[in-house]
Amino acid sequence: MNTSQHVMPSSFERWSWFKNLNLWDGLWAALVLASGFYVFARYGSEMDTFELGILSGATMGLTGLGLLWKSFRGLVIAVAVISLWSISIYGTDLSLAEHNFFLKFLISSQSAIMWMSALFVMATVTYFYATFRDNEFVGKVASSMTWTATAMGLIGLMVRWRESYLLGPDIGHIPVSNLYEVFILFSVITAALYLFYEQKYETRKMGGFVLLVISAAVAFLLWYNFARDASEIKPLVPALQSYWMKIHVPANFVGYGSFAIAAMLGVAYLIKQKAVQVNPDGYMARHLPDLDMLDDIMHKSIALGFAFFTMATILGAMWAAEAWGGYWSWDPKETWALIVWLNYAAWLHMRLTKGWRGAPLAWWAAIGLLVTTFAFLGVNMFLSGLHSYGEL
Amino acid sequence: MNLAITILVVVAIASVIGTVLKQNQPYTDYIIKFGTFWHQVFLKLGLYDVYGAIWFLLLLAFLLLSTTVCVYRNIPIILRDVLHFRLNAQEKSLRTMANQQEWQVAQETQQVADKAQQFFKGAGYRLRIKKRGDEQVFAMIKGGLSRFGYIFTHVGIVVICIGGLIDGNLPLKIKEWRGAISLETRNISASEVPAKSRLKPQDNFSFRGNITLPEGSTTNLVFLNIRDGYLIQELPFSVELKDFRIEHYPSGQPKSFESDLIIHDDQLSKPLKTTIRVNHPLLYRGYSIYQASFGDGGSKLHLKLWPFFDPQLHTTKVDTAVFDHRDLKVKGQKLTLEIDKFQPFNVFPAEKGSGRSFVNYGPSIVFKLRDATGVATEYLNFMGPVEQDGRLFYISGMRKSVDEPYRYLHIPMDPQGKVDRFMEFHALLNNTKRVAEIARQNATKALKNAKLNSPQVRDRIVDSMRQLVKLYVDGGFAAIDNEIRQRVPKDKQASVADAYIKILRNVMQSAYLDLLKQEGVDISKPLSPANQAFFEDAVTNLAAISKYGSPFYVQLASYDERQASGLEITRSPGKDIVYLGSGMLVLGIFMMFYIMPQRLWLLLKPVDGKLQILLAGSGLRNKEDFSKHFVELTKAFELKALGIAERR
């Protein structure tokens, strides 16, 4: 009987989901809910309706995510504990970032972000090594690096959030307000989404490809930091002082991150397909990830990205209605969001109604990332408009 | 369906145009950019307002129509699919399915049927059972909501488009085509705008308009900017601006823009007082009032005009206001003073290493001087002195056209902190009589011990000194250089230039000392470094006046700031419809992607004393996922319903 229980795969639990929750799940839910209640009890009186909404939403979201994806719990706990530790070292003295050993070399926001950057780049190389040398152990190392980098990135953001308040109560804000901060967010979200697929599909062969796009983001981040001093925390312009920012920006980056993953898997698909054409039993064909799986995850990733991108665009429209006087003004950023949306809507229609599979969709996903990147960066760089927050 | 996807892509591509080509700019800008021919072509194609262009609207309408048709066609199919259990499925057809599993067990049909029913119900399947002789067929459906996701998403888009249409400017366009209204293009005051360009509150239920409201003023009008003209929209209430404020962070960046408003409305028992700021508009009677921009509301300026042409230095006081045009008579010529802008502070990033993050240059005005022929020069004058190289100057920038950078006149600040000494110095050097006197004193002193001391020689020297000063004041070193080139043989030019400069300096220095004496400075002692530096700066900058282009220096003596708040007032009754559609869209997308629609059939058939069990199923959307799910489902079914612990 025990063995048969063991045989029962975990994802089957979906159909009787609640019945299959175990003690750990209960503890997890209790921990998150208790933390939520603690925050409410301590700070609730200072919060307005929206902040309470965001608190309860975050509590439920974290509980749910932890139940759906068990490994996520470790990440959340690690990030929470280390961030709180860092914040407690700071106290109210921001200058400790230069003097305290832990802050200076490990867990001040800037140090944590540098660790994240280094680890993501190293993980990229390590994943590729593991893929082409069939080395299971090295693959595990790459995964650990990615997990750690993700945690460090999140810690960096959390601590940066606190640091902004230490600069001045009216300067403090969630660190998703400029290009520097959202590139960290992009790296972290993309990595987390990737790690989910890595676990679910039990393969590390996609890691190198996905981490390649994260490494590109990290390269930009470092250039932006060192050449433009972008890591400095700046107060918010009046247009950004809104609770919408807390939900609009992260939702957008779940979208961007998913589209980025889909594009990189599209590239992997095309390379693999070419390799199989050249020599079905060749070295490349044997080592690159499976075509059907790539096709499947590409689809899932675009579906997820599309759902979140739709939400983000709608949230953006609601914000625009409050800040710019209209939910839709055909501002360049809005228009490009629509273009991106139409692009992936067409992609999904092709797959779902026309039954397209494989190479054409892989090409489309890869090119789609260029469109998405333009909507994300190009609009800010080349076109003027209302949404000119992340300028280079 | 092919058509729908094609339209999706075409709309996407068409949308790009409006982001690349700046929309709704003044037509003159386009003509400068593209030339008359292309301007006409682009105008005809509606490229300056792509999203309002007929062809674009038709494209959207087409997308809407095709989506509607799609939904209309698919709803019956989906309903049939979700409601119909297909109990008549035959064993043969079940065996053709991609996902199937078969068992032979030594159990009673009814016993297995009961357990199976319990199992599948527990797993969330809706089911129907049909008995065919000693056979039993289960037909099961799960995830039917996913199919409704399709309806939700597509109806959502239709709803969004309808909401957008309500908020669009189509009704206004139709009125314009019918000739019921016409755009006003003249720059006239609101009260002069004819009725054909005015809209009553009930004429227009959806708009986005702007108004710049100076502090202390009230309005019930907003301007709707359309193409190269505008319409005036009347409001059923009026808005008064009490106060506009900008708050700053310690770093000097703006922190908030706020307007204190009072709404006057017959429907209100007393006026409604409220404060709006960016991200916090006022919602009132279906209208939204936003803090959109700010500007000057006609600040009162008190100017002092220092003439450059008058040796007596008769200054003129002018009381004016921002946006005022004032005709002045200067030396018999008409000159119009147009005040464009007043700024109470000018914050610039500080130089690196100065220890400050920004510097404030203080108040400034921007104005134009337009001559009788209509040619204008623009000036930017700072009210207070600005530090440059450790010394303080009153700075005035000038330029002939807006494309040019400003060129600056630096007036050294005198020890009293004013421009007076410089102006007096300039006036003194302009005063031929005084210059002649000073030159005579200088010449007399210089000739005292000379052999050639005769009145003729002295007069000649005095005359050339006067000439030199005039040349310098009127044209700077360039004029003197020019003079030398024309009159002096080439080989002697250098030595003559040296001599000239020496003489010029001497005369100017004497004039300067004269001025200082008048001020009460003891000139028997050596000059203080400040007075010395002033002289050098004054001499250097005097020459620039000839190119300054204005017959006077306009000094901002004092001001009375009056700010204006830029309000955007909108009415969009379609908003909630758009949000409803958006909600449906999001809900639909999640239903479609994350609920797996599936069908299962279970056939129980006694064969040779044993019970043959056939489980078959199909996933509608994601076949790969369903196959995985099916494998897991069969394992659980085996364990829980059939009591088979281990897989064979």
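Bear in mind that the values here come from a model prediction, so they are computed numbers and not experimental data. Reminder, nothing fancy here: chain letters follow the sequence lines and each chain counts from 1.
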Worksheet item: Using 30° and 60° as the class limits, which term best fits the ring planes of A:Tyr344 and A:Phe259: parallel, tilted or perpendicular?
Response: parallel
Discussion item. Quick check against the 3.5 Å criterion: does B:Tyr249 have a side-chain atom that pairs as donor or acceptor with the backbone of A:Leu236?
Written reply: yes
Response to the item:
Heaviest contributor of heavy-atom pairs below 4.5 Å to chain B, chosen from A:Ala321, A:Ala345, A:Ala317, is A:Ala321
Practice prompt. Go through B:Val16, B:Val50, B:Ile160, B:Val11 and name the one with the most non-hydrogen pairs under 4.5 angstrom from chain A.
Written response: B:Val16
Worksheet entry | Part of B:Ile157 lying under 4.5 Å from any heavy atom of chain A | side chain
Fill in: Check against ring pair (Phe, Tyr, Trp, His ring centres under 6.0 Å), B:Phe294 and B:Phe244
CA-CA 8 Å; B:Phe294 63 93; B:Phe244 173 77; 5.5 Å; yes
Worksheet item: Quick one: what part of B:Leu8 sits under 4.5 Å from any heavy atom of chain A, side chain, backbone, both or neither?
Response: both
Discussion item. Ring-plane angle category for B:Phe593 and A:His299, please: parallel below 30°, perpendicular beyond 60°, tilted otherwise.
Written reply: perpendicular
Item to complete: With sequence neighbours excluded, give me every salt bridge (charged side-chain N to carboxylate O under 4.0 Å, His left out) pair touching residues 324-342 of chain A.
Response: none
Worksheet, complete the sentence: So, the part of A:Thr313 with a heavy atom under 4.5 Å from chain B: the answer is neither
Worksheet, complete the sentence: Note: vs chain B, highest number of non-hydrogen pairs under 4.5 angstrom among A:Gly326, A:Ala346, A:Ser242, A:Gly325 is A:Gly325
Item to complete: If a pair satisfies salt bridge (charged side-chain N to carboxylate O under 4.0 Å, His left out) and one of its residues is in residues 299-325 of chain A, list it, with sequence neighbours excluded.
Response: A:Asp296-A:Lys300, A:Lys300-B:Asp625
Fill in: chain A interface, residue from B:Thr153, B:Val278, B:Ile289 that has the most non-hydrogen pairs under 4.5 Å
B:Val278
Practice prompt. Side chain from CB out, backbone as N, CA, C, O: work out which of these in B:Thr570 comes under 4.5 Å of a heavy atom of chain A, or both, or neither.
Written response: side chain
Worksheet item: Can you tell which of A:Leu338, A:Asp292, A:Leu304 has the highest number of heavy-atom pairs within less than 4.5 Å of chain B?
Response: A:Leu304
Discussion item. Within this structure, what is the CG-OH distance for the pair B:Leu282 and B:Tyr290, rounded to the nearest 0.5 Å?
Written reply: 10.0 Å
Discussion item. With chain B as the partner, which of A:Trp330, A:Phe382, A:Trp341 has the greatest number of non-hydrogen pairs under 4.5 Å?
Written reply: A:Trp330
